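Before any comments, here is the structure.
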Amino acid sequence: MVQQDLAEGRVTEVVTRFPPEPNGYLHIGHAKSIYLNFGIARQFGGRCNLRMDDTNPAKEDVEYVDAIMADVKWLIAGWADHCLALKPVGRTPEERDIEGRRDFYLAPVMPGQGRDGAWEPFYASDYFEPLYEYALELIRKGKAYVCDHTPEEVDRMRGAPHHPGQESAYRNRSVAENLDLFERMRAGEFPDGARTLRAKIDMSSPNVWLRDPVLYRIRHAPHHHTGDRWCIYPMYDFAHGLSDYIEGVTHSLCTLEFEVHRPLYEWILEALDLPRAHPRQREFARLNMTHTVMSKRKLLRLVQEGHVQGWDDPRMPTIAGMRRRGYPAEAIRDFCERIRVGKRENMVQVQLLEHCVREDLNRRAPRAFAVLRPLRVVIENYPEGQVEDIEAVNNPEDAAMGTRLVPFSRVIYIEQDDFREVPPPKYYRLSPGKEVRLRYAYLITCTEVVKDPETGEVTEVRAHYDPATRGGDTPDGRKVKATLHWVSAAHAVDAEVRLYDTLFQVEDPEDVPEGEDFTSSLNPRSLEILRGCKLEPSLAMAAPGDRYQFERLGYFYVDPDDSRPGAPVFNRTVTLKDSWARIQKKQGQG
RNA sequence: UGCCGAGUGGUGUAACGGUAACACAGCAGACUUUGGAUCUGUUGUUCCAGGUUCGAAUCCUGGCUCGGCAGCCA
């Protein structure tokens, strides 16, 4: 469609916009919209305005404005920064004259245009004055009127989809009376809900949004951006299309539920006889993903009821949550690219997102050794007090990332999962009498199991090493199936590691039995905090925001808030694919 | 029920009226000093019924199913 508009000469430049309401944090569904809107701007050499759609003072807050700005910038960084259009702080639309017709326009500021001053996103609330003028104009044209019915009356009189509504008793007030009343609404003469400004369209339209929709309502409430300057606020339908117009937006892309609003969007623009080209609204399907919820209302509940620790909890599908979990922006964009956009209801599997994350991280994350649930292994024939520096590859996918030295000694930790006293079928790892490779180090054979006499729990494993296998090679060509990661006990750094799983244990949390809601399918094991994890010493100084692959375990991200030098905290971004887990699962079923 | 929209493998998407394809997931195998990665192979798809046509996922008619809409929310 964009291509067609360009070809037909309807537009000469492409301007899109991303218009969140600052009443919550952005989630992965918004990421899809950002990717779409910025992607189109990028593809056609245009721009994308970041605009706060803030016409409802009751729900909105500056905290959200700041978070939204940060999330958008983070997500498009290095990709579409040059398309992000902002405006100077405090600037409002300029009034001008186009061939004798009055017009309002607000020009953007693009990166590179000396953008080092104070810039801010666009705000629908910056257009309250022009919007008010437009409303006056509608009244003068006899296309809007002040209505005194109560909300309940309006509701009742709207009718039902299959039968027409009833006209307001105030529908045919004179222009002068309407003008007077509307001005007094603005002046604050009436209490909340006493009157509204309504468009005069068609009470019998099959589209209920055309049955004289409310354009303005009275709300004596301070607004996060305009303070107490206003006590009447425009409704979405009135504000949105005109905001698009004021900003010179050419393509206004929104989700499917606004499809029925499109006739109203167009009606408003046409009724005003505007001098410039009209923006065009088109719709696409919002994103749904398995094992999570996507509505801001539900996400807010998760935050308020303490099911998560905040909007940026790594289990949340928010952009901030994913960032804190360690998802790279590139991977999220790749995901948005792969799901494409359509008009079909959809439920994308989280596995696809995780795949994108793994693919990205596999290429760039340096490898390291970390033992999450340590089991002591004493190598009895290794000289006491001896320490060897073992060379380890930083990233087998990228030789340029080089190697590092990891200390090896007589007492090491391995993963509890990597030892079984009684190995199940197909279990290749360590068990009594079995030989395994310690990655980059030596082959060891388990000689003895030490147990707690009380509980019977395995507390230590004793082993012998083969000095001829240094580096992990077998001079005699013998094969060992398993290679384990390890950490030298004397050199280990203690760390906290947070393991995350899906927030909900079912694919569709909305699909619950009668009388229950989505919180009943919350996953009780979505967060597991491990303390006393043993890391290789090079990780002691891991910096916030660093990403690693802990070999054989997954990708981990240094928590930006809680990690300290010498006492690192890692968040598990995503596990590695685990075919042993799959075998176990199958065995469990079979 | 009125209006609007959408129906293609398990999931998400492609396909000027001309061999139904791609990715993820699955399965099987190869390789492997990560049971990772990689590579190879493979299972499985056009909502239904008519019609137009040499030929239909695509066009037409009818039906079915799913979603959205009756906030002074966005």
Side-chain angles (χ1 to χ4, degrees), chain A residues 19-21 23 53-56 58-60 124 147 149-151 154-156 158-165 192-198 205-211 213-219 232-233 235-237 239-240 254-263 283 285 287 290 296-297 335 337-356 358-359 362-363 367 369 392-393 396-397 426-429 436-441 443 469 471-474 480-485 507 549-554 575-583:
Chain A
E21 184 188 11
N23 66 345
D53 207 356
D54 53 353
T55 55
N56 184 356
K59 292 188 180 176
E60 297 148 8
C147 175
H149 284 302
T150 65
V154 171
D155 236 21
R156 200 172 340 107
R158 187 161 24 234
H162 51 282
H163 62 258
D192 286 3
R195 289 188 158 90
T196 57
L197 182 73
R198 294 228 261 161
S205 169
N207 182 339
V208 293
W209 288 101
L210 259 21
R211 323 248 259 225
V214 171
L215 266 21
Y216 268 90
R217 77 283 215 184
I218 300 171
R219 284 277 172 283
I232 55 172
Y233 292 93
M235 298 289 292
Y236 164 85
D237 290 289
H240 202 88
C254 61
T255 46
L256 252 24
E257 67 266 29
F258 293 101
E259 210 157 8
V260 286
H261 294 238
R262 190 158 79 196
E283 307 81 16
L287 170 68
T290 59
K296 280 200 245 180
R297 209 197 94 246
F335 171 74
E337 172 65 33
R338 294 195 201 209
I339 57 175
R340 315 294 293 262
V341 278
K343 297 192 69 159
R344 238 190 280 184
E345 292 290 322
N346 56 76
M347 176 73 85
V348 176
Q349 300 174 323
V350 256
Q351 287 90 325
L352 181 59
L353 212 207
E354 292 181 343
H355 166 83
C356 294
R358 286 192 188 101
E359 189 174 79
N362 179 47
R363 269 184 287 113
R367 315 284 128 126
F369 288 161
V393 174
E397 307 291 319
K426 298 241 181 91
Y427 186 86
Y428 306 146
R429 281 111 96 147
V436 297
R437 173 186 294 110
L438 295 176
R439 180 152 227 230
Y440 302 127
L443 267 58
T469 57
D473 298 313
T474 52
V480 281
K481 278 243 181 180
T483 299
L484 311 185
H485 61 279
E507 285 211 336
Q549 184 200 96
F550 291 171
E551 294 219 16
R552 304 209 301 133
L553 298 174
T575 61
L576 250 25
K577 283 213 275 184
D578 187 348
S579 46
W580 168 239
R582 232 172 44 221
I583 292 168

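Owing to the predicted nature of the structure, the values given are computational and were not obtained by experimental measurement. Proteins get letters first, then strands, A, B, ... in listed order; numbering begins at 1 in each.
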(request) Name the closest nucleotide to the A:T483 side chain, picking from B:rC24, B:rG26, B:rU34. (result) B:rU34

(message) Looking at A:R344 and B:rU8, is any side-chain donor or acceptor paired with a base atom of the opposite kind under 3.5 Å?
(response) yes

(message) I'd like to check the side-chain contact (heavy atoms from CB on, under 4.5 Å) partners of A:P263; sequence neighbours left out, ordered by chain and number.
(response) A:N207, A:L210

(request) Encode nucleotides 62-74 of chain B as B, S and - characters from 5' to 3', where the letter depends on protein heavy atoms closer than 4.0 Å: B to the base, S only to sugar-phosphate, - to neither. (result) -----SBSBSBBB

(request) In plain terms, say whether A:E551 and A:R439 are close enough for a salt bridge, that is, a side-chain N and a carboxylate O under 4.0 Å apart. (result) yes

(request) Return yes if the base of B:rG10 and the side-chain atoms of A:Q349 contain a donor-acceptor N/O pair under 3.5 Å, otherwise no. (result) yes

(message) I need the A:K481 NZ to A:Y427 OH distance, nearest 0.5 Å.
(response) 14.5 Å

(message) Testing the basics here: between A:R338 and A:C356, what is the closest heavy-atom pair and its distance to 0.1 Å?
(response) NE-SG, 3.7 Å

(request) Please list, chain by chain and in numerical order, all residues satisfying side-chain hydrogen bond (donor to acceptor under 3.5 Å, both in side chains) with A:E60, sequence neighbours excluded. (result) none

(request) When you get a sec, tell me which of B:rU13, B:rG35, B:rG36 is the closest nucleotide to the side chain of A:P396? (result) B:rG36

(request) Check the distance between B:rA23's P and A:N346's CG and give it to me in whole angstrom. (result) 20 Å

(message) Please give the stem ranges for RNA chain B, sorted by first residue number, where a stem is three or more consecutive Watson-Crick or G-U pairs and both donor-acceptor distances are under 3.5 Å.
(response) B:2-7 with B:64-69, B:10-13 with B:21-24, B:26-30 with B:38-42, B:47-51 with B:59-63

(message) Give me syn or anti for B:rG71, where syn covers glycosidic angles within 90 degrees of 0.
(response) syn

(request) Not counting sequence neighbours, which residues clear side-chain contact (heavy atoms from CB on, under 4.5 Å) with A:R262? List them please. (result) A:E266, A:Q281, A:R282, A:E283

(message) Each nucleotide in nucleotides 38-47 of chain B should get exactly one letter: B, S or -. Can you fill that in based on protein heavy atoms under 4.0 Å?
(response) ----------

(request) Determine whether any donor atom in the side chain of A:R358 lies under 3.5 Å from an acceptor atom in the base of B:rG36, or the reverse, and answer yes or no. (result) no

(request) Could you tell me whether the side chain of A:R367 has a donor or acceptor atom within less than 3.5 Å of a complementary atom in the base of B:rU34? (result) yes

